[in-house]
Amino acid sequence: MSYAHGTPPEGAAADWTIPQRWERYSAAEHALWDRLFDRQAKLLPARAAPEFLAGLDVLRLGDSGIPNFDALSERLMNATGWQVVAVPGLIPDDVFFEHLANRRFVAGNFIRTPEQLDYLQEPDVFHDVFGHVPLLANPVFADYMQAYGQGGQRANGLGAIQRLARLYWYTVEFGLIQSAEGLRIYGAGIVSSHGESIFALDDPSPNRVGFDLLRLMRTRYRIDDYQQSYFVIDSFEDLLRQTLETDFAPLYEQVAQLTDIAPADVLPEDRIYTRGTQAYALAKGVAG
Ligand code: PHE
Ligand code: FE
């Protein structure tokens with residue numbers, strides 16, 4: 001999340017938002033969205049959390065073409081009071097938190113190129129909207145995201161943004177959930193990635209470990225490849241309850257006294273679903 005600094009670029013408002021300019025997308029860009037959507041839509045029914053799949057439906061994200069943020073916001077507003085607003089890309093942490101705290105999700109308005117179908121560094125509209133927005137139609141997850149924004153504003157004052165960012169990473173971006181049908185994916189970084197949608201559930205390489213707040217905040221993460229560990233929540237209610245009921249200030253202090261945990265490490269006290277072989281990471285020559 002630590003993104004940009006300073007003042008908004010030319011053409012952006014003081015809160016860094018810009019017009020989506022939906023009418024400016026080309027036919028090829030809409031077709032690329034459809035291609036990405038269709039590929040994930042085939043894969044996800046057996047893999048994604050039911051709450052995510054319900055959000056796709058309620059928000060009609062299966063309609064052809066890149067969603068118009070105004071129409072999308074109207075549906076989302078009806079469901080949970082959230083909106084989607086466009087930003088030029090990376091924005092400062094405090095601006096990001098302020099938007100979330102006010103139930104506004106910020107999304108990039110550009111779409112990747114066909115060459116970037118499977119990998120890109122900056123989140124585009126497919127990652128941001130397809131990946132993040134469906135769960136915002138779920139009342140419990142919607143409250144979690146707002147609480148996260150408020151928690152971010154507090155963490156900012158406590159110098160603890162990096163620790164809090166790990167919670168975002170391992171839940172909002174790369175979280176797994178225990179559902180009635182077994183493990184499911186819900187993190188936006190997974191559901192918007194064809195490769196990781198399969199890897200995160202099926203590959204023997206990564207660890208899959210029970211969610212633990214303090215443990216998560218000690219765990220470094222990698223931004224350049226599939227995760228080496230995933231954390232499993234019992235339910236969105238449990239995630240919301242735990243994060244709301246916990247005062248993070250003492251937790252941040254505790255984390256500051258403890259060593260970081262490497263992305264691939266498993267601890268004796270971990271609730272292990274799968275102990276990974278790390279074969280994938282090792283083959284790529286990545287150390288834990
Ligand atoms: N309870 C957290 C705090 O005391 C705030 C928070 C809520 C953070 C939900 C993340 C998610 O700072
Ligand atoms: Fe994201």
Side-chain angles (χ1 to χ4, degrees), residues 1-4 36 40 52 55 82 84-87 89-91 93-94 96-112 119-136 138-175 185-193 196-197 200 211-217 221-224 226-227 231 233 235-256:
M1 272 176 329
S2 184
Y3 285 153
L36 287 161
Q40 288 313 87
F52 175 89
W82 274 76
V84 179
V85 293
V87 290
L90 310 176
I91 64 172
D93 291 326
D94 57 328
F96 178 69
F97 295 141
E98 170 83 10
H99 281 298
L100 293 184
N102 289 285
R103 292 173 101 86
R104 287 188 301 268
F105 190 76
V106 293
N109 65 347
F110 69 98
I111 188 155
R112 66 195 71 185
Y119 182 75
L120 76 168
Q121 267 175 345
E122 263 199 73
D124 72 338
V125 65
F126 186 74
H127 168 81
D128 280 338
V129 172
F130 181 89
H132 285 280
V133 175
L135 274 181
L136 291 172
N138 176 270
V140 178
F141 195 85
D143 285 353
Y144 174 66
M145 286 292 274
Q146 180 179 22
Y148 183 89
Q150 293 163 338
Q153 294 174 318
R154 184 166 180 231
N156 215 349
L158 296 169
I161 284 191
Q162 280 190 337
R163 272 73 194 244
L164 186 65
R166 289 173 175 173
L167 174 62
Y168 191 88
W169 191 263
Y170 283 121
T171 59
V172 177
E173 293 291 354
F174 292 98
I185 58 182
Y186 72 89
I190 311 178
V191 295
S192 65
S193 158
E196 198 152 1
S197 295
F211 175 88
D212 178 275
L213 257 180
L214 179 65
R215 202 284 194 207
L216 243 77
M217 286 201 209
Y221 57 81
R222 34 188 326 181
I223 60 168
D224 58 334
Y226 297 155
Q227 299 304 301
F231 293 93
I233 59 169
S235 66
F236 292 120
E237 284 80 4
D238 185 57
L239 175 65
L240 177 63
R241 191 186 48 74
Q242 279 199 53
T243 48
L244 281 182
E245 285 178 0
T246 305
D247 179 359
F248 281 31
L251 216 55
Y252 296 144
E253 279 177 30
Q254 237 181 306
V255 176

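Every number for a ligand or one of its atoms is a count from 1 in the order of the listing. The first residue in the sequence is number 1, and the count goes up from there.
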Indicate the ring-plane relationship of Phe105 and His132, choosing parallel, tilted or perpendicular according to the 30° and 60° boundaries.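 The rings of Phe105 and His132 sit tilted, inter-plane angle from 30° to 60°.
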
Between the OH atom in Tyr170 and the CZ atom in Arg215, the distance rounded to the nearest 0.5 Å is 8.0 Å

Checklist entry - Can you list the ligand 1 atoms lying under 4.0 Å from a non-hydrogen atom of Asp247? => result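 So the atoms of ligand 1 that pass are 4 (O).
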
One finds that the ligand 1 atoms under 4.0 Å from a non-hydrogen atom of Tyr148 are 9 (C), 10 (C), 11 (C)

**Item:** For ligand 1, the portion of Thr246 having any non-hydrogen atom under 4.0 Å away
**Value:**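 Within the 4.0 Å criterion, Thr246 contacts ligand 1 through backbone atoms alone.
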
Starting from [atom], which protein heavy atom do you reach first, and at what distance in Å?
atom                    : answer
atom 5 (C) of ligand 1  : Gly151 CA, 3.7 Å
atom 6 (C) of ligand 1  : Ala147 O, 3.7 Å
atom 2 (C) of ligand 1  : Phe248 CD1, 3.3 Å
atom 4 (O) of ligand 1  : Arg154 NH1, 2.5 Å
atom 11 (C) of ligand 1 : Thr243 CB, 3.6 Å

Contact between Asp143 and Arg103 at the side-chain level, heavy atoms closer than 4.5 Å - yes or no? yes

Can you check whether Tyr144 has an N/O within less than 3.5 Å of an N/O in ligand 1? no

Using ring centroids (six-membered ring only for Trp), state whether Phe141 and Phe236 fall under 6.0 Å.
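Ring-ring flag for Phe236/Phe141: true, centres closer than 6.0 Å.
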
Could you tell me whether Gln162 atom CD has more than 12 heavy atoms of other residues or ligands within 6.0 Å of it?
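At most 12 heavy atoms, drawn from other residues, nucleotides or ligands, come within 6.0 Å of this atom.
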
| query | Taking just the N, O or S atoms of Glu173, which one is nearest to the Fe ion (ligand 2)? | reply |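 Distance check against the Fe ion (ligand 2) picks out OE2 in Glu173.
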
Q. Do Thr171 and Tyr144 have side-chain atoms, one donor and one acceptor, less than 3.5 Å apart?
A. yes

| Donor on one side chain, acceptor on other, Gln227 and Trp169, under 3.5 Å | yes

